[in-house]
Amino acid sequence: MPEKVLQAVRGMPDVVPAQVGPWQWFERLVRDTIQGYGYQEIRLPIIEPTQLFARSIGEVTDIVEKEMYTFIDRNEDSLTLRPEGTAGCVRAVIQHNLAITPQRLWYSGPMFRHERPQKGRLRQFQQVGAEVFGIATPDAEIELIALTARLWHLLGVSGSVKLELNSIGSVTARAQYKLALVAYLSERLDELDPDSQRRLTTNPLRILDSKNPDTQRVLDGAPVLSDYLDEASSTAFRQLTEGLDALSIPYVLNNRLVRGLDYYNDTVFEWTTTELGAQGTLCAGGRYDSLVGQLGGKPTPGVGFAMGVERILLLLEACQTPLPKIEPLVFAVAAGKPAELACLIDIERLRSHFGSAQIVANLGGGSFRTQLKRADKSGAHVALIWGETEAAQGAVTVKYLRTEQEQQTVTYDQAVELLERIVINL
RNA sequence: GUGGCCGUAGCUCAUCAGGCAGAGCGCCGGAUUGUGACUCCGGAGGUGGUGGGUUCAAGACCCAUCGGCCACCCCA
């Protein structure tokens, strides 16, 4: 079966130019916002030793068991395309001793999970994450949540997102709770859905966020995690909610929110939306005070979150958030040999003068009519015209494409002035 | 990984009781040989996702495969 057309790997789509506008806008906004809180960017490799993920995410999680892109390289080492960002970030922090003093870090890039693609779920997807190392107090959580809340506001989606919060306590508290939960659910084994029955032995806490209504009904009578929290966890959680109250950030307490990765303790949170169907989690995170030590570093508390960029972009679309348009300032039109050379020289001068404004040249010749059609289609504010007449008098014509203003034939310097007036009004 | 729906021009979609494929938009050219958007005229573009089967005949029916969508599972 000769495959005629090579196509992208399933679940790993291209982002074509027509779609790239929202990406760039989002990326800039996120970078500025995160760095505005004093977070520093860290750039991490896409591939890590398989062991790193097995040991951090948890051996019995779905991610490690069946979703990782793992391969043996030429040195016989087992490597894995990262399924999430925290593990690699922690590895780097340990390797470069970055947590001697408290650190705020952020990163972005592609993650890989072999799942069946659907809306808001891809095999290669983009995440932006932020992590705080060396801070054991809940002011770190408050800051991270405030940061994300600010982002939703800036993106114009704050009306469509909801913050869910929980504390899953310390390792020992959770172990005790797990016993109680298993004891309770074992009594009602036949009332649980098959998936939950299976998880009773593998990962009982995950039963809590089962979507099965019958299972949820069984859980109504189950022991509650918050009853098992020790003093320190309860105090920290109270301080967290007090901070959010002070900032008027609304949240919903969800004592069945447990999260899928094993390394969390105490705080876990999720920003969700109902606009995107089944894949409603936009951003999620929590505290992981034992992970650094567990991976061989000096015991250092950590908190962080990761957000899924594609999902947020889908939400922007659903909310019809208006995006700033980027259109060319100038489309340059020229005809006739001397005029083309004059144009060539002048548009380079314009680019030096106007910096980041788009100055688009016509390529490949064509009649004036053709070139002006291209100018119009480009969305440019003005067409600058170099023709025989202009060349003869060392001038250029400024033709306004978006307003009723008359076109003018002027000197280069005057043209720059006219363009500056447009730039100011943008 | 499981289940359901879907796959026709660059895009949005028609057609059909199985009889050699169409529209709108977009694109290119012209009316307007130095002036875009509106209008008019003309044109290019499809081995009907791919491979196989049934049939005199298949884009339409059957199977497989690839891809998309939706849900489950899981998660960002």
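Note that these values count all heavy atoms, side chains included, but never hydrogens, waters or copies made by symmetry. Numbers restart at 1 for each chain; the letters A, B, ... are given by sequence-line order, proteins then strands.
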Please tabulate, for side-chain N and O atoms in residues 11-29 of chain A, each donor-acceptor pair with protein atoms closer than 3.5 Å (sequence neighbours left out).
| unit_1 | atom_1 | unit_2 | atom_2 | d |
| --- | --- | --- | --- | --- |
| A:Gln19 | OE1 | A:Val16 | N | 3.0 |

Under 3.5 Å: donor-acceptor pair, side chain of A:Asn362, backbone of A:Gly365: yes
side-chain N/O A:Gln118 vs B:A71 OP1/OP2, d < 4.0 Å: yes
Residue A:Gln7, side-chain heavy atoms: nucleotide from B:A76, B:G4, B:C66 that is nearest: B:C66
Sugar-phosphate only, base, or nothing, as touched by A:Ala284 at under 4.0 Å among non-hydrogen atoms: sugar-phosphate
Under-4.0 Å side-chain N/O to phosphate OP1/OP2 contact, A:Arg10 with B:G68: yes
Contacts of A:Ile345 that satisfy side chain to side chain contact (heavy atoms under 4.5 Å, CB included) - sequence neighbours left out: A:Arg349
Closest-nucleotide 5' rank along RNA chain B - winner of A:Trp271 and A:Lys66: A:Lys66
First encountered from the 5' end of RNA chain B, between A:Arg121 and A:Ala8: A:Ala8
Residue among A:Thr272, A:Val309, A:Leu276 satisfying side-chain contact (heavy atoms from CB on, under 4.5 Å) with A:Leu282: A:Leu276
Spacing of A:Ile312 atom CD1 relative to B:A76 atom C1', expressed in whole Å: 8 Å
Spacing of A:Met12 atom CE relative to B:C66 atom C1', expressed in whole Å: 16 Å
A:Leu208 CG - B:C73 C1' separation (whole Å): 17 Å
Pairwise C1' distance, B:A17 and B:C63 [rounded to whole Å]: 23 Å
Side chain A:Arg174, main chain A:Gly169, donor-acceptor under 3.5 Å: yes
Greater than 12 external heavy atoms within 6.0 Å of A:His153's NE2: no
Interatomic distance at C1', B:C66 relative to B:C13, whole Å: 23 Å
Pair A:Gln294, A:Tyr288: side-chain N/O donor-acceptor within cut-off below 3.5 Å: no
Steps toward side-chain hydrogen bond (donor to acceptor under 3.5 Å, both in side chains) verdict (A:Arg311, A:Gln279): CA-CA 8 Å; A:Arg311 287 185 186 178; A:Gln279 309 302 323; 3.1 Å; yes
A:Asp195 side chain, from C-beta outward: closest of B:C69, B:C73, B:A76: B:C73
Candidates B:G1, B:C72, B:A76 - which lies nearest the side chain of A:Ala278: B:C72
Touch class at under 4.0 angstrom, heavy-atom based, for A:Gly120 against every strand present: base
P-based separation of B:G67 from B:G46 [nearest Å]: 25 Å
Between B:G42 and B:U47 - P atom distance, rounded Å: 26 Å
Range-with-range stems for RNA chain B, at least three Watson-Crick or G-U pairs under 3.5 Å: B:1-7 with B:66-72, B:10-13 with B:22-25, B:27-31 with B:39-43, B:49-53 with B:61-65
Rounded distance in Å between the P positions of B:G29 and B:C61: 41 Å
Sugar-phosphate, base or nothing in reach of A:Glu67, heavy atoms under 4.0 Å: sugar-phosphate
Atom-pair distance (NZ on A:Lys162; C1' on B:A76), nearest Å: 17 Å
Whole angstrom value for the distance that separates P of B:A76 from CZ of A:Phe125: 7 Å
Rounded distance (Å) that lies between atom P of B:A76 and atom CG of A:Leu282: 12 Å
P spacing across the pair B:U15 / B:C73, given as an integer number of angstrom: 37 Å
With a cut-off of 3.5 Å and sequence neighbours excluded, list every side-chain donor-acceptor pair involving residues 312-327 of chain A.
| unit_1 | atom_1 | unit_2 | atom_2 | d |
| --- | --- | --- | --- | --- |
| A:Thr321 | OG1 | A:Leu155 | O | 3.1 |

A:Leu225: partners by side chain to side chain contact (heavy atoms under 4.5 Å, CB included), with sequence neighbours left out: A:Asn166, A:Ile168, A:Tyr177
Contact letters for nucleotides 30-39 of chain B, in which S counts primed atoms plus P, OP1 and OP2 and B counts the base, heavy atoms under 4.0 Å: BBB-BBBS--
Integer angstrom distance from the P of B:A58 to that of B:G18: 13 Å
Shortest side-chain distance from A:Lys119, nucleotide among B:C70, B:A76, B:G1: B:C70
Atom-pair distance (CG on A:Asp14; C1' on B:G68), nearest Å: 14 Å
Sugar-phosphate only, base, or nothing, as touched by A:Gly11 at under 4.0 Å among non-hydrogen atoms: sugar-phosphate
Exercise: do A:Gln124 and A:Tyr69 side chains pair donor with acceptor under 3.5 Å: no
Check: A:Arg198 side chain, B:C73 base, donor-acceptor under 3.5 Å: no
Nearest-angstrom distance from the residue atom CZ of A:Arg116 to C1' of B:G67: 11 Å
Rounded C1' spacing from B:G48 to B:C16 in Å: 13 Å
Beyond-backbone contact of A:Leu418 with A:Arg421, side-chain heavy atoms, under 4.5 angstrom: yes
